[in-house]
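Keep in mind the model is a prediction, meaning the values are calculated, not measured. All ligand and atom numbering here is 1-based and tracks the order in the structure.
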Amino acid sequence: MKILAVNCGSSSLKFKMYEMPEEKVLISGLFERIGEKMSSYTIKLDDDKYSKEIVLPDHKVAFEILVEELKKNKIIKKLDEIKGIGHRIVQGGDYFDKTVIADDDAVSKISELATLAPLHNKAAVTGINAAKEVIPGAMETVTFDTAFHQTIEPVNYMYAVPYEWYTKYKVRKYGAHGTSHKYIASRLNSLLGRTNTKLITCHIGSGASVSAIRDGICVDTSMGLTPNAGLIMGTRCGDVDTSILTYMMQKENITPKEMDNILNKKSGLLGISGVSNDSRDIEEGISKGNERCVLAQKMYVQKIIDYIAMYYFEMGGVDAIAFSAGVGENSIRTRIDIMEGLSVLGVIPDYEANNCRGEEKLVTTTESKVPCYIIPTDEEIMIARDNYNLAK
Ligand code: ADP
């Protein structure tokens, strides 16, 4: 059965097509700058990758080209071979704790939740409607970044602000990257050979979050009402003293919209280092003796350690810790810095094993009290699996 996992942004469409239940990737690709004067797309097959420049006025045209490419590359002969389309949705609020069929009710709730994730949820609805028009025979499902975190208890999801903000405006922690944390936890449980586990999963890419997962159920996560909470990220500040906002808004006449932009796009590693949001550039800066890069890395790592320590206490221990996403999978140095900072828990890094990128691997020694693993994440396969399970 052929299933598409798609992720629609306001000007992009990322996709991966699977043969299910074998979970074989048949083709993948990315459409970019949709709606701009000139757009482009890239298609990736087993041993081939090519890009084209083309005008893509909207997501519907992007889906039409996608179907043409599937036919041209002999992935499908006829449209009705595409049995399912699973969409990634950023914000599911407290409506969704699992993947559901994208019926009118689900779509209207996703639209309503656009107040919490304006760019993402609007784009997702555009994508769902476009896919429906172009591939009407496929069963569309929606998989939410927030769903896995719906098991978090009020003690961990409420903020100490006026309670009416919660009842009137739904102000609470929703988290993000849930599909990734769920995937990482399931891999860790397979590696440990049991499911009654206490896990801490670090999804650290340009966006970053840590989750505490007990017996496969999420008990806490570092992102909040929005993805700008918790860890220091590429350009996002994460946790800060909220009084800084009002203080700086008065000092520099900053509007709420500008402040939102500064905290999301000009802070984090970029804000501290003044060099870059990319941890590769930070590492290069450190090797050249740039003090602000040294500070940025120390702060970045410290925050991750703080959250791991907090979740260790929240769960009363930890059976395994995982590093995932761009930094977690690839930054040899950041993993070492984190593991060395966890020596109080009896974590002993295996420096040789850690000297790798993007492999699923144990990176602590056999004497380490807590094993740490690299787990390359795979959100798309989770979306495809959920779609398949609802479609079959
Ligand atoms: P996104 O949140 O956009 O999905 P990714 O998970 O792809 O982000 O992470 C991207 C980040 O991963 C980059 O900005 C960079 O900081 C980091 N990264 C990628 N490759 C490396 C590497 N070889 N060494 C260190 N950091 C890396």
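- Residue V327 approaches ligand 1 through these ligand atoms, each under 4.0 Å from one of its heavy atoms: 12 (O), 16 (O), 17 (C).
- Neither side chain, Y174 nor Q150, offers a donor N or O lying under 3.5 Å from an acceptor on the other.
- Below 30°, between 30° and 60°, or above 60°: for H181 and H203 the angle between ring planes is between 30° and 60°, a tilted geometry.
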Where do K60 and D58 land on the salt bridge (Lys or Arg N to Asp or Glu O under 4.0 Å) test, with the steps shown first? CA-CA 5 Å; K60 182 169 172 257; D58 53 34; over 6 Å; no
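- Among all protein heavy atoms, the one lying closest to atom 16 (O) of ligand 1 is S279 N, 2.8 Å.
- Using modelled atom types and a 3.5 Å distance limit, the side chains of T364 and D350 yield no donor-acceptor pair.
- Regarding atom 19 (C) of ligand 1, its nearest protein heavy-atom neighbour is R280 CZ, 3.6 Å.
- Look at K173 and D220 and you find a salt bridge, because one of the NZ, NE, NH1 or NH2 atoms lies within 4.0 Å of a carboxylate O, short of that distance.
- Inside a 4.0 Å radius of atom 4 (O) of ligand 1 there is not any protein heavy atom.
- Interface atoms of ligand 1 facing G207, defined by a heavy-atom separation under 4.0 Å, are 2 (O).
- Of the listed residues (S180, P227, S206), the one carrying the non-hydrogen atom nearest atom 2 (O) of ligand 1 is S206.
- Interface atoms of ligand 1 facing G326, defined by a heavy-atom separation under 4.0 Å, are 5 (P), 6 (O), 9 (O), 12 (O), 17 (C), 18 (N), 19 (C), 27 (C).
- In this structure, the protein non-hydrogen atom closest to atom 23 (N) of ligand 1 is R357 NE, 3.4 Å.
- Here the side chains of N121 and V125 are not in contact, with every heavy-atom distance at 4.5 Å or above.
- Distances below 4.0 Å separate heavy atoms of G205 from the following atoms of ligand 1: 5 (P), 6 (O), 9 (O).
- Scanning the protein for heavy atoms near atom 21 (C) of ligand 1, the closest one is N330 CB, 3.4 Å.
- For atom 13 (C) of ligand 1, the closest non-hydrogen atom of the protein is D278 OD2, 3.7 Å.
- The other residues sharing a hydrophobic cluster with M249 are V240, I244, L245, Y247, M248, I254, M259, I262, L263, where clustering joins ILVMFWY side chains under 4.5 Å apart.
- Residue pairs that meet the salt bridge (charged side-chain N to carboxylate O under 4.0 Å, His left out) test with at least one member in residues 19-30, sequence neighbours left out, are K2-E19, E23-R385.
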